[in-house]
Every structure is written in structure tokens, then in C-alpha cells.
Amino acid sequence: MKSKTLPSNSVHPKLSICIATYNRGAFIGETLDSIISQMPRSVEIVVVDGASPDNTPDVMAKYVSSHPEVRYFREPVNSGVDADFDKAVGYARGEYCWLMTDDDLLKPSAIMKVLSVLSDEDDLIVVNSEVRSVDLSVILQTQRLELEEDRVYRVTDSETFFADTADYLSFIGCVVIRRTCWLARNRTAYYGSLFIHVGVIFQSPSITNIRVIAEPLIIIRYGNAMWTSRSFEIWMFMWPKLIWSFPDFSDEAKTQVCQSEPWRHAKWLFYYRALGSYTVTEFRKFWSSDTGKLDRVIAYTLSIFPASLANLIIVLYFALSAKPVKTALVDLLSSRNASVLSHFFARALMYKVV
């Protein structure tokens, strides 16, 4: 399906909101409503659908028919989130592209705020966000980036920017990037990484004309990620491999983002065992025969440790922490390994700190 032709004054919009979607028919309408309700005529929406087998085409047909600023491209096969975001930027007509997620929401006036700070000097805008539960009823974090005011990073600040924001940039919806900058950089090398935008930003030479907006303009629907079942592989192997591949940054800066091999640390194995994403299957898949004997014994032992007990122990750990991490508690509570006791302590803590 192709969208209608844009109005003549929107052929070259200032901003394209680019969405790669797959199987989000239940959520993408609410996402689009949060955008369209505040869109000026200088903005378009580009949606690339990776061959969703659900009702996404039907949902999108309604928006395309009533909103000519919405352009919809349905792919014949699913080529992955990285390729689909790259295609969305390719289809876009705007000077800047906001790489928006397909189930989160924009706060009122978010678009005007971004447009008001765009400068000819900026190649990249990073937008702060608020984190809520899946049903949006509970605020888990008022700010993902704890900033009191906007920040500007230039050539001499690249390492500081990397250390300050790379962890947050695992969330693609915070990225607003100059389209020509995106297209001029290597993207295909990061297909399959799940974080193409991070590769585009930090590959050598890294982008250096950057502005970070402190005000949260996005509402993240936490706990709704498509890749939850692969979380161990992603955060223990894929993400560290990507972060540690960038040559322009020191090991010290990279360590502030993540450890190079977190899977070697028992605490992380135990945590993912508590979540239910580390089992004997993962042990057999990721631990090679040349790994140290003691390390293999520890890794195997943790892979068969009673998962419900591990879940309870980690919940109690957070219950006793001075500053509990609400998102971690949500993950633990939604795990299939959460026992009645885990639910009790996690829920009690959530009500206490919210």
C-alpha cells in the first residue's frame, strides 16, 4: 500500500517521523494519534511495515485515507527492524528524521519542542523520555536521562557524549537525525544488530554536532518489547559487542556504558536466571569448550539453579536497596518465574516507591 500524495507545502517537510513496525496493530493507532494530534503542516509520518501478519494493514489504511501526511509502505517480507528503519529514512522527505517506535507515545507539544530547537549546526537531537507501565498507568521513571537542562556536544565532547548517553541510546525512539547525515554513513554493517542507529551515530568518525533535550517528550511503554525472549543474548552479547566495536572511544568510556563480556560475571547470569531468560539452553549455546573449567561449572550451576528462588532473591535484593529500579521490578514481576512471594514483595515495593 502506498500513501496519498502529500500536500504541496509538505513535499519537503522539516521533519519526518519514521516508524518501523511489525505486528503492532494493537498499539500503532494510539502512537499515531499522539503524533497526528500535534502535527504542524511541516511534518510527515513514514511507516514501514515489515510484512506484519496481524491487522496492521487495516489499521494503517484508515490513517492513510484520512491523513495525507501519513505515508505507509508495506514490505513483502520481514527484513528486520534495522533494515526497515533504514528504508523509512530512505522514503522520508524531511530534512530531519525522528526514528519513532511503534508502540510508544509523544507527549503533547513534543514535535513543536523539537522543531523549536533544531539548528543548522545540529546533526543529531537526542530526546529525553518518561517510562511507564505497559498500560501507561504507572510512571516508572520520570526521566530516562537525569538532566536538569539541555546539553550541547561538539567535536571535543564526543567521548563525554558517548559515556553520557550511549546506554540511553539503546532506545531508538529518542533519535532525531539529519537525513543527509544518516544516508552518508554506513548502515548495512549494522543490519541484524537491532541497534542500527547506534552504529550510525558512533561509527568512526562519530557524529559530533549534537543537542540533548532534557525535557521528557516521549512516553515509553515499558515491558512491551518484541525481543524479550532474546534478552539474554541481546544484552549479554550483541549490545556489548556493538558498544566495544567503536574505535573512537576509550575503554574507560565504554565501561561506563557496559562491560565488554558481562556474561562472564555470575551476578548477571543469576539475574537473567531470575528473569527466566538464562537456562541450560543458553548455557549450551553460548559457552564454548575453551572457556575456563571453573567458569563453565559456575555458568552451568546457575543455569539449573531453581528459577523461582532466584527470582525471589533478586526481588528481595531490590526491596532492600536504597534506590530500587522500578523497571527491573517490572521485569521480575512479569517473569514466568515470579512466585507468589515474589509478586508480594515486588508489588509492595512498587506501591511504596511510586
Side-chain angles (χ1 to χ4, degrees), residues 159 162-163 166-170 190 192-195 198-199 202 223 225-346 349:
E159 177 127 339
F162 178 84
D167 180 63
Y168 174 56
L169 281 164
S170 63
Y190 301 99
S193 71
L194 303 181
F195 302 102
V198 176
F202 292 123
M226 300 287 286
W227 55 33
T228 301
S229 62
R230 298 178 59 196
S231 60
F232 180 78
E233 178 184 8
I234 292 167
W235 300 115
M236 294 293 98
F237 291 89
M238 296 174 66
W239 175 250
K241 181 180 178 181
L242 176 62
I243 290 299
W244 282 79
S245 71
F246 300 123
D248 290 354
F249 309 105
S250 67
D251 288 356
E252 180 181 359
K254 293 173 185 175
T255 301
Q256 292 184 55
V257 180
C258 67
Q259 296 169 324
S260 61
E261 295 180 324
W263 56 273
R264 292 187 181 274
H265 297 264
K267 67 176 183 179
W268 286 114
L269 299 185
F270 193 72
Y271 176 73
Y272 280 97
R273 181 62 180 153
L275 291 176
S277 57
Y278 178 59
T279 67
V280 173
T281 300
E282 282 71 33
F283 171 77
R284 291 172 176 166
K285 179 177 180 180
F286 295 111
W287 265 260
S288 61
S289 58
D290 60 356
T291 306
K293 185 176 181 179
L294 179 59
D295 288 342
R296 283 180 60 83
V297 169
I298 294 172
Y300 176 74
T301 300
L302 292 174
S303 76
I304 62 172
F305 189 90
S308 295
L309 179 57
N311 187 279
L312 176 59
I313 291 171
I314 297 297
V315 167
L316 289 172
Y317 168 79
F318 280 113
L320 297 173
S321 298
K323 189 177 180 181
V325 180
K326 297 181 187 179
T327 52
L329 288 168
V330 169
D331 291 336
L332 290 163
L333 189 60
S334 61
S335 168
R336 65 179 181 272
N337 295 327
S339 65
V340 172
L341 285 175
S342 290
H343 276 267
F344 172 78
F345 284 111
L349 181 59

Requested in this report: Would you check, one step at a time, whether the test side chain to side chain contact (heavy atoms under 4.5 Å, CB included) holds for L332 with F318?
Outcome: CA-CA 10 Å; L332 290 163; F318 280 113; 3.8 Å; yes

Query - Approximate separation, where rounding is to 0.5 Å, of L242 CG and I234 CD1 - result: 12.0 Å

Query - Residue list, side chain to side chain contact (heavy atoms under 4.5 Å, CB included) with A299, at least two apart or on another chain - result: L269, Y278, F283, W287

Query raised in the report: Do any pairs count as a side chain to side chain donor-acceptor pair (under 3.5 Å) and have a residue in residues 237-248, sequence neighbours left out, and if so which ones?
Result: S204-D248

Query raised in the report: Among all residues two or more places apart in sequence or in another chain, which pass the side-chain hydrogen bond (donor to acceptor under 3.5 Å, both in side chains) test with S334?
Result: none

Report task. Name all residues meeting the ring pair (Phe, Tyr, Trp, His ring centres under 6.0 Å) criterion together with Y272; count only those two or more places apart in sequence or in a different chain, and write none if there are none. Result -> F232

Query - Counterpart residues, side chain to side chain contact (heavy atoms under 4.5 Å, CB included), relative to A307 (two or more places apart) - result: R273, N337

Query raised in the report: Is F202 close to V198 at the side-chain level, that is, under 4.5 Å between some pair of heavy atoms?
Result: yes

Report summary line: Here the gap from W235 atom CH2 to S277 atom OG, rounded to the nearest 0.5 Å, amounts to 12.0 Å

Query raised in the report: Any side chain to side chain donor-acceptor pair (under 3.5 Å) pairs touching residues 303-318, not counting sequence neighbours?
Result: N311-S342

Query raised in the report: Can you list the residues that meet the side-chain hydrogen bond (donor to acceptor under 3.5 Å, both in side chains) rule with D331, with sequence neighbours excluded?
Result: Y222

Query raised in the report: Is any side-chain heavy atom of L329 closer than 4.5 Å to a side-chain heavy atom of L333?
Result: no

Report summary line: CG of L169 to CZ of F162, rounded to nearest 0.5 Å, is 9.5 Å

Query - Any residue meeting side chain to side chain contact (heavy atoms under 4.5 Å, CB included) with E233, in chain and number order, not counting sequence neighbours - result: R230, M238, K285, F286

Report summary line: Sorted by chain and residue number, the side-chain hydrogen bond (donor to acceptor under 3.5 Å, both in side chains) partners of Q256 (sequence neighbours excluded) come out as none

Report summary line: Applying ring pair (Phe, Tyr, Trp, His ring centres under 6.0 Å) to Y190 and not counting sequence neighbours gives none

**Report entry** Nearest heavy atoms of G276 and S335, plus distance in Å
**Finding:** N-OG, 4.2 Å

Requested in this report: Name all residues meeting the side-chain hydrogen bond (donor to acceptor under 3.5 Å, both in side chains) criterion together with T279; count only those two or more places apart in sequence or in a different chain, and write none if there are none.
Outcome: E282

**Report entry** Other residues, nucleotides, ligands: >12 heavy atoms within 6.0 Å of Y300 OH
**Finding:** no

Result block: side-chain N/O donor-acceptor pairs under 3.5 angstrom for residues 259-267, not counting sequence neighbours:
residue, atom, partner, partner atom, Å
Q259, OE1, W268, NE1, 3.3
E261, OE1, R264, NE, 2.6

